[in-house]
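Structure first, then comments.
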Amino acid sequence: MSQVIAPINVHLHKLITQVEPNLPQCVQQFLYLVLSLQDDGNTQFALDAELFYSKWAQKWNGLLKLYDLESIDFEAGTFGNASEFKPIIEKAIAAILEQKFESIISWENADCEVSDEKNSKLFVACPSDGITYLYITKYFEAKRIIESTTSTLFADGTTPTESAIADCIEKISRIHTRNPKFANKNNPEGKFLVNREQAEAIIRGQGENLIVTGGPGTGKTTVVLYILWCMLESHPEYLDYDIHLAAPSGKAADRMRESLVGSLGEIEASEREAHPDIFNKLSNLESSTIHRMLKYTPDDGGFRYNKKNPFSKNSIFVIDEASMIDISLFAAFLQSVQEGSRIFVLGDPYQLPSVEAGAVLGEILKPENATRNFVVKLTKTNRFTDDSEIGRLAKAIQSRTEVPMESGDTVKFIDSPTGGKKAEEAAIAALVNDWVKDFAEMPALAEKAAQEMDLEDKPACNRLWELSLQKRILSAERRGPRGVEKLNQAACKKIRQHGTKGNPANQYFPGEILILTRNQSMYKLYNGDTGIVIFRDARPYLMIKRERFEFYPLTLLPADAIEPAFAITIHKSQGSEYNHVMMLLPTREGHPLLTNQILYTGITRAKKTVTIVAGENAFRAACATVTQRDTGIRL
């Protein structure tokens with residue numbers, strides 16, 4: 001049963017049957033299916049047998065593939081083929097539409113208003129576009145909050161004129177330091193030139209709240225920096241506003257702040273000297289998770305900042321990695337913002353959605369919501385050009401067009417090893433051993449870095465840190481022959497051999513890359529932060545670089561909150577970039593982690609080369625399979 005539905009939803013199902021003890025067996029089973037689909041991030045469920053069955057069949061068939069089973073023990077029976085659920089779904093939906101079950105379902109009109117009164121029913125049923133949908137109540141309320149607050153906080157904007165865009169491009173070229181790397185025959189002076197899309201966003205951001213979307217390297221952070229600089233320059237009153245930088249994870253929030261503050265150094269010295277108040281304000285920005293910004297209150301699961309206690313109207317919000325924000329958190333954020341505040345939301349809709357329920361950014365960008373004009377899309381990437389092999393591959397995956405599996409200079413394909421489990425494990429271990437050769441000097445560098453802990457100059461620390469960021473193995477899976485657990489075992493075994501012959505019983509070794517799997521707030525370490533092990537006086541430390549190097553005794557950090565990170569899951573890699581990536585995909589078509597979003601996210605972590613280990617059928621299945629979460633947001 002744990003393979004199909006999360007324990008918390010098992011308890012919710014028990015509550016449902018307590019509230020409505022006369023619920024027919026078919027309806028009980030149907031609600032189990034609903035809760036199982038909700039575990040996958042869906043928040044609306046069509047009370048239409050064909051539509052619902054299509055969604056359920058995709059999940060069920062994926063589960064059978066994932067666990068390599070012919071059937072699974074499911075509520076009140078053992079089921080094999082997904083079609084065995086079809087009569088249950090048809091009978092249950094007919095019963096719900098006829099009998100209503102109003103003790104657990106609140107039936108709403110499509111135009112119902114957002115209410116401050118708490119809905120005590122477990123579910124809500126509401127029509128949309130001629131179909132009645134079922135929602136878990138808290139997600140229905142979050143959906144309605146997003147729909148109503150978005151219309152208030154984001155006004156429809158207009159596309160700037162060509163002359164305004166030209167003026168903006170010229171202005172930014174004057175503000176930004178010139179650099180020979182920008183020089184070409186059309187730009188011999190090496191001016192920094194924003195493109196037309198970026199200029200549109202900078203102009204519109206002066207007077208509009210915006211959602212700015214784009215893939216890696218499209219300049220979302222650069223756009224926000226110049227929006228803020230130009231806003232503060234042209235509207236001095238904004239200097240008194242609070243600027244909040246936030247993201248779903250602490251790692252993403254810190255990375256955004258570091259990028260913004262770092263880019264300030266690329267602004268002309270004369271410009272910084274002319275506007276010291278702007279420079280100082282932006283230099284001293286702090287970042288946080290969205291939960292910390294809203295001040296999460298664990299006692300009631302709410303936030304100190306909310307609809308009744310909003311942020312000051314004199315606030316500017318920059319929210320990054322919006323694709324990772326779940327529906328409840330986004331609703332809580334929007335409710336805490338007063339009309340008149342400034343908001344800039346950044347994200348890549350093609351990346352993986354949030355871990356929790358909903359796919360807010362993807363829903364907002366759906367064609368049916370395109371009548372609202374508060375989105376600027378950045379399409380030109382600087383990480384790799386559109387005509388590069390990686391760029392072409394990423395574009396093809398986005399558009400789900402035919403992708404030739406031909407190895408080139410920067411994109412390489414390796415067919416999945418075959419021949420049974422042992423042969424597969426041996427072949428993958430050989431791939432890993434070859435891949436980590438470039439990390440052979442990490443143990444020796446880590447020993448040198450340990451001698452620099454108290455020194456101002458840290459050349460070995462810098463060399464070690466830069467080497468650690470050069471390459472990464474990515475996998476869609478945690479377990480199995482190609483899961484990160486096995487991959488890290490192979491990588492650590494190989495790299496450990498290059499170190500001094502210390503105690504092999506030590507849990508860690510010098511030069512080992514580790515990743516945090518849980519927040520350690522008291523040390524300002526967050527889920528997804530990576531560091532490198534160094535030993536000093538036989539004591540292991542985790543070396544992390546922010547604005548400077550910091551060293552944390554590993555004995556202070558819970559052992560179950562840290563794991564090796566020569567290989568990481570594609571989910572964990574979101575927001576990161578490496579020169580070289582090797583990515584391993586599941587082998588079985590229909591596997592729930594063999595998706596377009598997984599493939600795109602993994603490939604776009606690479607700056608220079610990507611090696612894809614996958615069979616042709618599995619790769620093409622991933623290209624064609626787009627995970628669709630049903631959230632139902634209508635703007």
Side-chain angles (χ1 to χ4, degrees), residues 40-41 215-216 247-256 258 289-291 320-326 347-348 350-356 359 383 432 435-436 439 465 468-480 482-492 512-520 525-533 542 544-546 557-586 591-607 610-613 622 627:
D40 293 343
S249 70
K251 175 186 174 183
D254 284 349
R255 189 173 55 248
M256 171 174 56
E258 290 167 5
T289 64
I290 300 173
H291 278 82
D320 200 8
E321 297 290 357
S323 67
M324 297 166 61
I325 305 175
D326 64 84
D348 181 355
Y350 292 99
Q351 286 197 90
L352 289 161
S354 60
V355 174
E356 301 298 330
R383 181 175 295 183
V432 172
W435 179 261
V436 300
F439 287 149
W465 189 258
S468 76
L469 299 177
Q470 288 301 302
K471 60 195 318 187
R472 203 66 91 236
I473 304 171
L474 305 182
S475 174
E477 302 171 278
R478 285 197 59 81
R479 296 178 178 85
R482 59 193 59 226
V484 294
E485 293 177 356
K486 287 281 190 183
L487 296 170
N488 275 313
Q489 287 174 12
C492 289
E512 184 174 4
I513 302 174
L514 298 178
I515 188 168
L516 271 292
T517 58
R518 294 204 310 270
N519 292 341
Q520 304 298 313
L525 294 173
Y526 307 109
N527 184 2
D529 281 346
T530 57
I532 305 169
V533 177
L542 187 67
I544 290 180
K545 185 177 184 180
R546 292 195 174 95
L557 303 175
D560 62 353
I562 307 171
E563 63 186 29
F566 294 101
I568 59 176
T569 64
I570 295 171
H571 280 82
K572 285 281 187 187
S573 75
Q574 285 196 95
S576 300
E577 61 180 33
Y578 309 98
N579 282 342
H580 311 285
V581 163
M582 179 167 71
M583 178 173 63
L584 292 90
L585 296 178
H591 191 291
L593 295 177
L594 201 59
T595 69
N596 186 284
Q597 290 97 324
I598 287 272
L599 190 58
Y600 171 83
T601 301
I603 285 169
T604 54
R605 299 312 92 203
K607 296 170 65 178
V610 61
T611 301
I612 302 165
V613 183
T627 301

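For the numbers below, each heavy atom of this structure counts, side chains included, while hydrogens, waters and symmetry mates do not. Keep in mind that this is a model prediction, so the values were computed, not measured.
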Legend entry - Side-chain donor/acceptor of Asn579 to backbone N/O of Lys607, under 3.5 Å: no
Legend entry - Heavy-atom side-chain proximity of Cys492 to Pro564 below 4.5 angstrom: yes
Legend entry - Flag, side chain of Asp320 to backbone of Met256, donor-acceptor distance under 3.5 Å: no
Legend entry - Distance, nearest 0.5 Å, that separates CG of Leu599 from CG of Leu352: 10.5 Å
Inset, instruction - With rounding to the nearest 0.5 Å, note down the distance linking OG1 in Thr530 to CG in Leu516. - result: 9.0 Å
Legend entry - Flag side-chain contact, heavy atom, 4.5 Å: Leu474 against Lys572: no
Inset, instruction - Over all heavy atoms of both residues, which pair between Gly215 and Tyr600 is shortest? Give the atoms and the distance, please. - result: CA-OH, 3.7 Å
Inset, instruction - Could you check if a side-chain atom of Asp529 sits within less than 4.5 angstrom of a side-chain atom of Ile515, using non-hydrogen atoms only? - result: no
Legend entry - side-chain contact (heavy atoms from CB on, under 4.5 Å) evaluation trace for Tyr526 with Ser249: CA-CA 7 Å; Tyr526 307 109; Ser249 70; over 6 Å; no
Inset, instruction - Taking all non-hydrogen atoms of both residues into account, name the closest pair between Val610 and Ala606 and its distance. - result: CB-CB, 3.9 Å
Inset, instruction - Check the pair Ile532, Leu514 against side-chain contact (heavy atoms from CB on, under 4.5 Å), reporting the backbone distance first and the verdict last. - result: CA-CA 6 Å; Ile532 305 169; Leu514 298 178; over 6 Å; no
Legend entry - Atom pair CD1/OG1 of Ile598 and Thr627 - distance to nearest 0.5 Å: 7.5 Å
Inset, instruction - Could you tell me whether the side chain of Arg472 reaches within less than 4.5 Å of the side chain of Met582, counting heavy atoms only? - result: no
Legend entry - Pairwise distance CZ(Phe566) to CD1(Ile513) - rounded to 0.5 angstrom: 4.5 Å
Inset, instruction - Decide yes or no for Pro216 and Glu577: does some side-chain heavy atom of the first lie under 4.5 Å from some side-chain heavy atom of the second? - result: no
Inset, instruction - Check Ile568, Thr569, Leu487, Leu593 against Ser475 for a side chain to side chain contact (heavy atoms under 4.5 Å, CB included) and give me the one that passes. - result: Leu487
Legend entry - Residue pair Leu525 / Leu557, side-chain heavy-atom distance below 4.5 Å: yes
Legend entry - Verdict with supporting geometry, Gln574 and Met324, side-chain contact (heavy atoms from CB on, under 4.5 Å): CA-CA 9 Å; Gln574 285 196 95; Met324 297 166 61; 4.0 Å; yes
Legend entry - Polar side-chain atom of Ser573 near backbone of Ser576 as donor-acceptor pair, under 3.5 Å: no
Inset, instruction - Give, for atom CD of Gln597 and atom CG of Asp348, the distance between the pair rounded to the nearest 0.5 Å. - result: 10.5 Å
Inset, instruction - Could you tell me which non-hydrogen atom of Lys471 sits nearest to which non-hydrogen atom of Phe439, and how far apart they are? - result: CG-CZ, 3.4 Å
Legend entry - Test item: Arg482 side-chain N/O and Leu585 main-chain N/O as donor-acceptor pair under 3.5 Å: yes
Legend entry - Ionic contact status for Asp560 with Arg518, cut-off 4.0 Å: yes
Inset, instruction - Would you check if the side chain of Thr517 reaches a backbone N or O of Ala561 as a donor-acceptor pair within less than 3.5 Å? - result: yes
Legend entry - Flag if over 12 foreign heavy atoms under 6.0 Å of NZ, Lys486: no
Inset, instruction - Grab the two heavy atoms, one from Val581 and one from Gly602, that are nearest each other, plus how far apart they are. - result: CG1-O, 4.1 Å
Legend entry - Heavy-atom pair with the smallest gap, counting every atom of Gln520 and Pro558: OE1-CD, 3.4 Å
Inset, instruction - Would you please say whether a donor-acceptor pair under 3.5 Å links the side chains of Tyr350 and Asn596? - result: no
Inset, instruction - Indicate the atoms forming the closest heavy-atom contact of Pro248 with Ile290, along with that distance. - result: N-CD1, 4.0 Å
Legend entry - Side-chain ion pair, Glu485 and Arg478, N-O less than 4.0 Å: yes
Legend entry - Beyond-backbone contact of Arg546 with Glu258, side-chain heavy atoms, under 4.5 angstrom: yes
Inset, instruction - Could you tell me whether the side chain of Met583 reaches within less than 4.5 Å of the side chain of Val613, counting heavy atoms only? - result: no
Inset, instruction - Kindly indicate, with the supporting measurements, whether the criterion side-chain contact (heavy atoms from CB on, under 4.5 Å) is fulfilled by Leu584 and Glu477. - result: CA-CA 9 Å; Leu584 292 90; Glu477 302 171 278; over 6 Å; no
Legend entry - Short side-chain to backbone donor-acceptor contact, Thr604 and Thr601, under 3.5 Å: yes
